[in-house]
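Each remark here refers to the structure printed beneath this line.
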Amino acid sequence: MADDRTARVNGLNLRVRTFGEPDDPAVLLLAEASAGIDAAQGVHAREVDAWPDAFCERLAEGLRFVIRYEGRGAALDGEGEDAADAVYTSADLALDALGVLDAFDITVAHLVTTAADAPIGRLLAVEQPDRVASLSALPDPAATNGAALDWDEAVRVILQNTSGGWQAQGDRLASRALAGNDPTGWFDRLYRAAASGQVSMPWNRSQPHPLLFEWAVERAITGEGRRAVVVGCGLGADAEYVAGLGFDTVGFDIAESAINLAKQRHPGSSVHYTTADLLNLPDAWLRAFDLVVEIFTVQALPDPPRRQAIANVSRLVAPRGTLLAVEFARDDWTPAPDTPPFPLTRAEIGVFGSDGLTPIGIEQIADHQPLAADSPAARRWRAEFRRAAALSLS
């Protein structure tokens, strides 16, 4: 929903329209001035509707706070006189942009310009680097023989340049999903954004997780035609590895877009990739798999429903079957974060032993290259559980 207001900026009243939520990264669309402007030459400002509402709304849907303002060609000075015919420098127009940000108490923003305004954007980036998170310049339709601007591509490029990476976008999506009581709703949106090029691909591994690989090698794991399932398989690296060990393998994820990407990435794979919800498993899967692999899936959920998800992982394990779980580790006295991932305590790891599973080994392993000593990536659980053979009634 758009919001209109008038901002008092440098002695002028500028009309401003915003789209989206103020807590999201700010994207300031510079008001088009005039082609060929430079800092030393005065020019007449003019108003051009360079940023259609539909374009702004699409950026806001990508979780950006979009600010569009009308330039001096549409402004009135303090006495109510028309300011369109006054002469300004690019430095004046750069100060207008900063004044608009100040009106919203925004300290740093992503700048988007047309080719006509690129010199103003560059001036701001050089003179006020602490206030410019990124600078994107779109082609000026007037300079492309009248060809229409590809707005779809413009949205993709701007969202990519302003995302802060897939982790930052994932945090924003997760926060919205959790606030809306939809703890799993953000996964598909993140993968879809990556598939369209708006962010880099999340959890983008082509090799099995090292703690899965080491465990399988140490125990000389072979499938020999038995069944395996990889929980929250994402792009399929772990599922492909497990299938390569000889298991008849299912890889499932709640994000349909992730499953589609896994199929595209592994054409002709023997893995049965499918969409499924860990919180609502198919009855045919219960106690049906000789090997269950769970890596970093349940820790993406708040509690509730995290404990139910952990218990459901255990329900997949067949008689004589094995569960391997790998999760970020958290001490009991360490507060849980507000957004995913939610590292697991020792007690939560123990919940994998529900439904009759016996712990074989629960170890805490230090990451050799953590982001920080207290980061979720610093320590990981690797836990192995096994189900006893089914009781014979004969």
Side-chain angles (χ1 to χ4, degrees), residues 203-253 262 266 269-273 278 285 287-300 306 309-330 341 343-370 376-389:
W203 303 292
N204 190 15
R205 290 191 286 113
S206 59
Q207 299 298 318
H209 192 281
L211 295 184
L212 166 62
F213 177 79
E214 293 171 5
W215 175 83
V217 170
E218 289 171 1
R219 286 158 177 72
I221 300 295
T222 58
E224 299 176 349
R226 294 179 295 164
R227 299 187 72 195
V229 62
V230 176
V231 178
C233 66
L235 302 177
D238 296 327
E240 293 296 321
Y241 175 70
V242 170
L245 295 175
F247 288 92
D248 179 10
T249 304
V250 172
F252 77 91
D253 203 289
H266 308 287
S269 171
S270 64
V271 176
H272 176 59
Y273 289 108
L278 178 58
W285 287 6
R287 298 197 176 194
F289 296 97
D290 303 290
L291 175 63
V292 177
V293 176
E294 148 53 15
I295 300 178
F296 298 161
T297 301
V298 299
Q299 68 183 33
R306 184 169 61 247
I310 294 172
N312 282 4
V313 171
S314 303
R315 299 173 68 202
L316 293 166
V317 182
R320 299 184 186 274
T322 298
L323 162 64
L324 178 72
V326 176
E327 316 290 344
F328 292 154
R330 176 171 67 90
L344 272 58
T345 64
R346 176 61 180 81
E348 287 179 305
I349 285 292
V351 177
F352 282 110
S354 62
D355 197 47
L357 271 64
T358 300
I360 302 302
I362 299 176
E363 52 187 332
Q364 194 173 120
I365 300 172
D367 188 358
H368 296 300
Q369 294 181 324
R379 293 173 295 138
R380 300 173 184 180
W381 297 111
R382 181 168 62 183
E384 179 181 349
F385 297 82
R386 194 166 300 156
R387 189 185 300 283

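For reference, positions follow the sequence shown, starting with 1.
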Run the side-chain contact (heavy atoms from CB on, under 4.5 Å) check on F352 and L344 step by step: do they pass? CA-CA 11 Å; F352 282 110; L344 272 58; 4.1 Å; yes

How long is the span from the CZ atom in R330 to the CZ atom in R346, to the nearest 0.5 Å? 14.0 Å

I need the single residue from L323, V230, T322 that forms a side chain to side chain contact (heavy atoms under 4.5 Å, CB included) with V292. Which is it? L323

In this structure, OG1 of T249 is separated from OH of Y241 (nearest 0.5 Å) by 11.5 Å

Nearest 0.5 Å please: distance from the CZ atom of R387 over to the CZ atom of R315. 10.0 Å

Any idea how F252 and W285 line up, ring-wise: parallel (<30°), tilted (30 to 60°), or perpendicular (>60°)? tilted

Would the distance check show the side chain of E348 and the main-chain N or O of T345 forming a donor-acceptor pair, the cut-off being under 3.5 Å? yes

Quick one: do I310 and E294 satisfy side-chain contact (heavy atoms from CB on, under 4.5 Å)? Show the steps, please. CA-CA 9 Å; I310 294 172; E294 148 53 15; over 6 Å; no

Test side-chain contact (heavy atoms from CB on, under 4.5 Å) on V317 and F385 and set out the steps. CA-CA 9 Å; V317 182; F385 297 82; over 6 Å; no

So, does D290 use its side chain to make a donor-acceptor pair with the main chain of R227 at under 3.5 Å? yes

Check whether any side-chain heavy atom of L291 sits under 4.5 Å from a side-chain heavy atom of R226, and report yes or no. no

Show the numbers, then the answer: is there a side-chain contact (heavy atoms from CB on, under 4.5 Å) between T297 and V313? CA-CA 10 Å; T297 301; V313 171; over 6 Å; no

Do V351 and R306 have side chains that get closer than 4.5 Å, going by heavy atoms? no

To the nearest 0.5 angstrom, please state how far the CZ atom of F296 sits from the CD atom of E327. 7.0 Å

With a 4.5 Å heavy-atom cut-off, do H266 and Y273 have their side chains touching? yes

Here's a test for you: under salt bridge (charged side-chain N to carboxylate O under 4.0 Å, His left out), which of R219, R382, R380 qualifies with E214? R382

So, do H209 and V326 sit near enough that their side-chain heavy atoms are less than 4.5 Å apart? yes

Nearest heavy-atom approach of A237 to S206 is CB-C, 3.9 Å

Heavy-atom closest pair (Q364 atom, W381 atom, distance to 0.1 Å) is NE2-CH2, 3.1 Å

Taking the side chain as every heavy atom from C-beta outward, state whether L278 and V298 have any atom pair closer than 4.5 Å. yes

